[in-house]
Engineer: 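Sharing a structure here in C-alpha cells format.
The shown structure was predicted, so the numbers you read here are calculated from the model rather than taken from an experiment. Sequence lines set the chain letters: A, B, ... in the order given, protein chains first and strands last, and positions in each chain run from 1.
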Amino acid sequence: MTRMNLVQAINSGLRGALQQDETVLLMGEDIGQLGGVFRVTQGLQEEFGADRVLDTPLSETGILGTAIGMALHGLRPVTEIQFADFIYPGFDQLVSEAAKYRYRTAGEFHVPMVVRTPYGGGIRGGQYHSQSPEALFIQTPGLKVVCPSNPYDAKGLLLEAIRDEDPVLFFEPKRVYRAVKMDVPDAPYTVPLGEAKIVRPGEQVTCVAWGAMLYEAFTAAEEVAKRGVDVEVIDLRTLWPLDVDTIVSSVEKTGRIVVVHEAPRTCGFGGELVALVAERAFLRLEAPPVRVTGWDTPFPLTHEHEYLPLAHRIVPALLETARY
Amino acid sequence: MTRMNLVQAINSGLRGALQQDETVLLMGEDIGQLGGVFRVTQGLQEEFGADRVLDTPLSETGILGTAIGMALHGLRPVTEIQFADFIYPGFDQLVSEAAKYRYRTAGEFHVPMVVRTPYGGGIRGGQYHSQSPEALFIQTPGLKVVCPSNPYDAKGLLLEAIRDEDPVLFFEPKRVYRAVKMDVPDAPYTVPLGEAKIVRPGEQVTCVAWGAMLYEAFTAAEEVAKRGVDVEVIDLRTLWPLDVDTIVSSVEKTGRIVVVHEAPRTCGFGGELVALVAERAFLRLEAPPVRVTGWDTPFPLTHEHEYLPLAHRIVPALLETARY
Amino acid sequence: MHVIRDDGSLDPTLDPGLSVDQVVALYKAMVRTRVVDDRLEKIQRQGRIAFHVGSLGEEAAIIGAAAALRDRDWIVPCYREVGALLWRGYPLQQYIDHMYGNADDPLRGRQMPDHTFSRAHRYLSVSAPIGTQIPHAVGVAMAAKKRGLDECVGVFFGDGATSSNDFHAAMNFAAVYEAPVLFLCRNNGYAISLPTQRQTATRTLAEKAAAYRIPAARIDGNDVLAVWRAVREGAERAANQGGPTFIELITYRLGGHSTSDDPRVYRSQEETDSWRKLDPLLRLRKHIEQRTAWNDDLDGDWRAVCDAEVKECVRRAEEKPPPELGDMFGDVYAEQPWHLREQQAQCLGGPRASDEEDES
Amino acid sequence: MHVIRDDGSLDPTLDPGLSVDQVVALYKAMVRTRVVDDRLEKIQRQGRIAFHVGSLGEEAAIIGAAAALRDRDWIVPCYREVGALLWRGYPLQQYIDHMYGNADDPLRGRQMPDHTFSRAHRYLSVSAPIGTQIPHAVGVAMAAKKRGLDECVGVFFGDGATSSNDFHAAMNFAAVYEAPVLFLCRNNGYAISLPTQRQTATRTLAEKAAAYRIPAARIDGNDVLAVWRAVREGAERAANQGGPTFIELITYRLGGHSTSDDPRVYRSQEETDSWRKLDPLLRLRKHIEQRTAWNDDLDGDWRAVCDAEVKECVRRAEEKPPPELGDMFGDVYAEQPWHLREQQAQCLGGPRASDEEDES
Ligand SMILES: Cc1ncc(C[n+]2csc(CCOP(=O)(O)OP(=O)(O)O)c2C)c(N)n1
Ligand SMILES: Cc1ncc(C[n+]2csc(CCOP(=O)(O)OP(=O)(O)O)c2C)c(N)n1
Ligand SMILES: [Mg+2]
Ligand SMILES: [Mg+2]
C-alpha cells in the first residue's frame, strides 16, 4: 500500500501492466522522455525502453490507427491522447474501425486496446483543454467507456481495461489528478468494468455522477444532509456498458434522480440516463428527473466555475427535487 | 410547380441558390461531372462551371477545412459528404472549428456553411452506408442540424440553411430520395429552421420522428387508428435548435410520447427528447416514454429491416403506450 | 518498363525467374478472378445480390502482388482485392455465400458484399471508409517487428486513398518506426469519377513517398511479372530490416467503380478502349503462349471450369437461408452486455418487417 | 545560406533592399515581442495569468514573414505568432486584456490566453488543435482567388503540424486548386518534447512539399532578411497566379513549449546554449549596428520603453473586472436559441461558485 494520487495510481497501473504482460505497450505524444504533459507515464520509458513506451509523431490518426493494427496482431496497445479535446482527428479510426472490427469479422478479429485521455474542466484550459466527449463514444456500439473518480478505482479499472478484449476509452479526470490521495496497493489488481458504486447511501434522492463531478455531487449531498435531505450518491465508474440495475434500484427506492456531468446538457449522457430511468422506473418517479450539467456552449475560460456543474448548482437541484 | 422527388427538389434548391447568390458554391467528391453518387447535383457543374461546383480530392478534412476558410472569407460553401458515414475523417474540422469559430472570436468571424449528406438505412448499404450520426452534432454547441422528410421541406429548408449565418448539417434521408414525389415550386422559397410540423393531429399519443422514419411513424399511426388509437405525428424537420414547444404542447395534451429514430438507441437523440419531455411535462405524462430506434449494434445488412424502427415495431409501441 | 515485352517474351535483365507452372498459375488465377467478377456483375444486375465491386483490368496488380508475398506475410486489403484472397486459397463458396449475406456468410449478413477477411489466410478485413486500413497495416507490421516475427505486410489502396488522412499518418509512422510494410497503391486512374490528375497535382503517386523518406517504385501494374518483381524486392527489403516501400502500380479500372456506377458519364469510350488493349490478361497470355502450349482451347476450357465453379457456388448460395435474426446482436463485444441481451430478446420476441409486408 | 552574414554585413547577391528604417522597425518589433514574452512569462509564474505560449528565438521567422506580406494579405496563425499581429498594429493593451480574460478581452474570457484574432488586421483566430488552421488558410486563399481579390494568405504552423491530417489535406487542396497561399512552417526543432528528427524520417521538412508538387524553400528562420526575402518571393508567386509555396523556416524554440513546460527534461543545456548564439535578435542587431548608429544605449532605451508599455498594460488589465457572466452564453449562434436563453437565465438567476467558496 502506498498513498497515491490519481496520476501515481495510473502510473503504477501502467507499470504493472508493462511488467506482467509483454504484449502491452504504450503509445502517445510526449509520453516518453517527458513522461506525458501530466507526467502520468513518468519514468516508464526509462524503465521499459523506447520500444514499449513510444513517443509518437503528432497524429492521433496515426496513434489510434497503428494501435488498432497492433491490437489485431497480438499486442495490447495502451494509447494516450494528450487531451480528450484532441481525440477528434482520430475519431474515424475509433468509431469506424476499432468499434466495428469485431462485428464485421464475426469475432475473427478484435481490437483489445485502451485509449487513455485526460478530460474535463477546472484547470483553466478553456475551449480545447476541458471537454468531456464521453457521450460520442457511448453512442458508438462496440466501444466501452470508463471514467474513474479516485486513485484506487483508476488503477484497478485501468488494469481491467487493458485485459479487456474490446476497445476501451478511459477518461481520466484531470481536475482530480493531484487533488485526491488514497492508499493504493502496489501490486496489480483489477476492478471489474460495468459496476457502479454507491459512495453515499441515502433514501430521498439518487444522484448519479462520475469522474471529477463525483466530488461535487458528494459535497452537495453532505451539504443538503445538513438541511435534512438524504441523498444516495452513485459513482458510475464504467459509463458503458452501464450498471443500470444499481441506478434503477436506487431510483425505485428514492423516486428521484439528479444526474451531474460536465459535458453540455444536450445529447449528453445525462439525457440517456434520464431516459433509461423514465422508461424503467416510471411509476416510481415522484419528481421530474434533473440534469445538472455544463451549459450548451463551448467550454469557457474565465467563468469556468460557473460553467461546471459544481456543488453550488447541485445543491439547489437536490433540494428542489427532494421537496418536489 | 413541378412534381419532384427529394433528389430533384434538392437539386432545384441548389440551382436556385447558385443562381441567386454568387457567393454560393458547391464542393464534394464526384459532385461535378458525375452529378454525385445519388445524382443530387446532376447538371449543376455543366450549368455553373467547375469553378462553382468543385469536384474535390478524396478528403473530408480537405472539403470541410477549406470550406470553413471560404466561409470565413465571404463565400457560402455548400459541401457534400458522400455518405454520412464518411463524415468522421472531417469530424474535427466540424466540431473543433466550424462549431466554435463564432464563440471564440466573439462573433468577429463566423462560418456560414452547409454540410449536405445522405444518411440512414434501407438501401442495403450495410455498416458504412447506412448510419445516422445526427446526435453527435446535436451534442456540439454551435452547429445546427436539419433533416427534411419530403421534397417541399427539403428545398425550403436547404435554402434557409444556405442563408443561415451558422454551420448547418443537412441530413438527407437517402431512403426517401426517389420514393416520394410532390409538387414543389420551381422558384426559390424558404422554410424556417427550428419549426416542427404536426403532420397528423391526434389526441392519445405523441409520436416524434424525422427523415425517412417519419413515413414509418405515419404508417404506424394510420394502422393503430384502425384500432381506435389516435396518434399525433410530429415531423421535427429541424433537429437542433429544437422546436421544443410543439413537442411539449403535444405531450401535455396526449400524456404519452413515442420517439422514433434510426440511430442506435443509446445516447441517440431520442434520449434527449425523452429527457426534455420528462423534465418539462412530468406531471402530464401518463405512460413511460418510449424509444423505437435502431438497435445498439453496428448497422447490419441482411436484416436491416429488422434493425430499422419500421412501422411493424412502431405499431406495438404506440398501442402499448396508448393502453398503458 | 516491362518485364513481359509486347511480343510476350521476357526482358532477360528483369526476368524474376518464375517457372512455367508459376506463370500459368498466375494466369489462371487472374482469369478466375475475371470470370467470378463477370458472373457477379451479371447476378447483381438481375438483382440477386445487392452490390459488387470488381477488379476488371487490375488483376495483375492484385494477384501479382499477392503472389510475390510469402504465405506468412499479411495482406491488408482495400475492397477490390478478393483475387488476392482467392489466390491464397480462400474457398470460393465462402466468398459467394458472403456475397449473398446468407447463413454461411462468415460475416453473418452484417456487411455489404465484398467485405471479406480471413485470419487463416492472413487477410485483414475490408472496410468501406477509404484509407482506414493503411495505418492498420503499419500497426500489424510494427507488431510483427516487435514480436520478432519474420513477416511483412502488403497493404492495398487506390489513388484516391493517397488524399486520405490515414495515408499520411500511416506513411509517416511506417518510416519513423521502420515498419516492414509495402504500400501497394493501385493507381487505376480514377477515384469513382475523379481522374488521378485531379486527385493531386503531382505527375505520379510515387513522388509522394519522398515526403516520408520511403523508397518508391513506379511499376506497370498490368505486367504481372513487373508487379511480382517489385513487390518481392520490397518484401525482401522489409525482411532485411530495410523498412517500408511504396509501390505505385499503374493500371486502369476497366469497369465501373462498382455495380452502382456508370463510368460513361465521366470518361470517354476511346480512353477505355485504349486501355482495353493493355488488358493484363492479354499480356500474360501472350507470354505463356510462348512458353507453353497454352491456346484458345485451353483458355476456353479454363474459363468454362471457372464459370461452372462460380455458377455452382451461386446455386448453392441461393439455396441457403439468411443468417439467424439473433446474429444481428452478436460480436458487438466479446461478451454480450445486458442492453444487447434485452434488445435481442425484444427483437426476437417482436413482430417482423416481413409480417408487416405480408399484411399490406 | 544567409542574407545577413555572421559579421552583420549583407550578402549583396541576396540583399532584399530594405531601408534602414525598415530594418530598424523589424528589429524593434522583434525586441518588443521578446520583452512582452518575458514579462508575460514572469506574471504567469506569479500566477497572475493562466498560461502563456511565447516565441523566444522565433521572432525573425514570425516578424520577418509578417513584414514581407502586404497589408491586404491574410495571416492565419498557429499560436506562437502574436508578434505578427502586433507588427500589424494590434493594440498591446487589447492583447494583454485578452491574456487576463477580463471585460475588455475581445474573446470575453471564453478562451485560454494567446488565442488572438483580428478581422481588422486580417488575422484569423488561433485555435489549439494542431493543424486545423492550415486548410482554413487554403480556403481563404481559394475564396480570394474566386472573388478576384489580389490577396494571398500566409499560414503559420510548426514542425509537429506536418504530421497532422490537416497539413496533408491542405497542401493537396492548395496545389490542386492553385491557391495563393504560403505555408510558413516554423521548424523550431520540437513539438513539445519530440525533436523534429523523430517527427518524421525526412531530413528536412521542405522535402514534404514534393508530395504535392508545391515549390519549397528552406530558409534560416533566424535571419530575418532571409525570411523576408523568401516570403516576399512566395507572395509574388501567389500574386502572379503561381499558386502555393512551402517555406521551411529553420529556427529553435529557446524557451519551453509554453509556461506549462520544462524543457530541461528532454533536451540538453548545451543544445540550447548553442542555439542561443544564433539568437535572431543578435544577428539583426549586428547588422543594424553596422548600418546605423544603433548601440547599447538605444537598445536599452527601447527595451525599457517596451517594458514600460507592457507593464502599464498589465496594470490596467489587472484593474479591469471579469467579463459579464452572461457573456458566457453569447455567440454560440448568430441568434440565441431558446435553450441558451433558458440556460443563461438559470445561470444568472442561480447561485455562484464564488458564493460557495465564501460559505466554505
Ligand atoms: C472516407 C471516405 N470518403 C468517401 C468514400 C466514398 N468512396 C468510395 S470508393 C471512393 C473512391 C476511391 O478511389 P480509389 O482510392 O482510387 O480506389 P478505387 O476505387 O479506384 O480502387 C470513394 C470516394 C469512402 N468510401 N470513404
Ligand atoms: C490535435 C492535437 N494534438 C495534440 C495537441 C497537443 N499539443 C499542443 S502543441 C503540440 C506540439 C506542436 O508542435 P509544433 O507543431 O512543432 O509547434 P510548436 O509548438 O513547436 O510551435 C502538441 C502535441 C494539440 N494541440 N492538438
Ligand atoms: Mg482509383
Ligand atoms: Mg515545433
Engineer: If only atom types and distance count, is the side chain of D:W338 paired as donor or acceptor with the main-chain N or O of B:D243 below 3.5 Å?
Structural biologist: no

Engineer: Specify the closest pair of heavy atoms between B:T140 and D:Y333, including all atoms of both residues, with the distance to one decimal.
Structural biologist: O-OH, 4.4 Å

Engineer: Can you tell me which portion of D:R119 sits under 4.5 Å from chain B's heavy atoms? Options are side chain, backbone, both or neither.
Structural biologist: both

Engineer: Under a 3.5 Å distance rule, please check whether B:Y103 uses its side chain to pair with a backbone N or O of D:V332 as donor and acceptor.
Structural biologist: no

Engineer: Using non-hydrogen atoms and a 4.5 Å limit, figure out which bit of B:K100 sits close to chain D: side chain, backbone, both or neither.
Structural biologist: neither

Engineer: Need one label for B:T23: side chain, backbone, both or neither, based on atoms under 4.5 Å from any heavy atom in chain D.
Structural biologist: neither

Engineer: Please report the C-alpha distance between B:E22 and D:R147 in whole Å, then the side-chain angles of each, then the deciding distance to 0.1 Å, and finally whether the salt bridge (charged side-chain N to carboxylate O under 4.0 Å, His left out) criterion is met.
Structural biologist: CA-CA 10 Å; B:E22 61 176 20; D:R147 294 172 58 192; over 6 Å; no

Engineer: With a 4.5 angstrom heavy-atom cut-off, which part of B:L72 approaches chain D: side chain, backbone, both or neither?
Structural biologist: both

Engineer: Work out which heavy atom in B:P57 is nearest to a heavy atom in D:N172; give both atom names and the distance.
Structural biologist: CB-ND2, 3.5 Å

Engineer: Check whether any side-chain N or O of B:R104 sits under 3.5 Å from a backbone N or O of D:T116 as a donor-acceptor pair, and report yes or no.
Structural biologist: no

Engineer: What part of B:D51 lies closer than 4.5 angstrom to a heavy atom of chain D: side chain, backbone, both or neither?
Structural biologist: both

Engineer: Which bit of B:L25 is near chain D, if near means a heavy-atom gap under 4.5 Å: side chain, backbone, both or neither?
Structural biologist: side chain

Engineer: Do the ring planes of D:H339 and B:W240 sit parallel (below 30°), tilted (30 to 60°) or perpendicular (above 60°)?
Structural biologist: perpendicular

Engineer: I'd like to verify something: which residue of D:A334, D:P106, D:A128 has the highest number of heavy-atom pairs under 4.5 Å with chain B?
Structural biologist: D:A334

Engineer: If you compare all heavy atoms of B:T105 against all heavy atoms of D:S125, which two are closest, and at what distance to 0.1 Å?
Structural biologist: CG2-CB, 3.4 Å

Engineer: May I ask you to test the D:M142-B:H73 pair for a side-chain heavy-atom distance under 4.5 Å?
Structural biologist: no

Engineer: Looking only at side-chain N and O atoms, does D:S127 offer a donor or acceptor that is under 3.5 Å from a partner on B:E97?
Structural biologist: yes

Engineer: Which heavy atom of D:G139 sits nearest a heavy atom of B:M70, and at what distance?
Structural biologist: O-CG, 3.3 Å

Engineer: Please state whether the side chain, the backbone, both or neither of D:L149 comes within less than 4.5 Å of a heavy atom of chain B.
Structural biologist: side chain

Engineer: Using a cut-off of under 4.5 Å on heavy-atom pairs, state which of B:G142, B:P141, B:S59 scores highest against chain D.
Structural biologist: B:G142

Engineer: Closest heavy-atom contact between B:E108 and D:A120?
Structural biologist: OE2-N, 4.4 Å

Engineer: Identify the heavy atoms of B:Q93 and D:T132 that sit nearest to each other, and give their distance.
Structural biologist: NE2-O, 3.0 Å

Engineer: Between B:L64, B:D92, B:L54, B:D245, which has the largest tally of heavy atom pairs under 4.5 Å with chain D?
Structural biologist: B:L54

Engineer: What part of D:P337 is in contact with chain B, defined as an atom under 4.5 angstrom from a non-hydrogen atom: side chain, backbone, both or neither?
Structural biologist: side chain

Engineer: How many angstroms lie between OG1 in B:T66 and CG in D:D166, if you round to the nearest 0.5 Å?
Structural biologist: 11.0 Å

Engineer: Would D:H136 and B:F109 satisfy side chain to side chain contact (heavy atoms under 4.5 Å, CB included), going step by step from the backbone distance to the final call?
Structural biologist: CA-CA 12 Å; D:H136 302 172; B:F109 291 100; over 6 Å; no

Engineer: Say you draw a straight line from OG1 of B:T61 to CZ of D:F167; how long is it, rounded to the nearest 0.5 Å?
Structural biologist: 14.0 Å

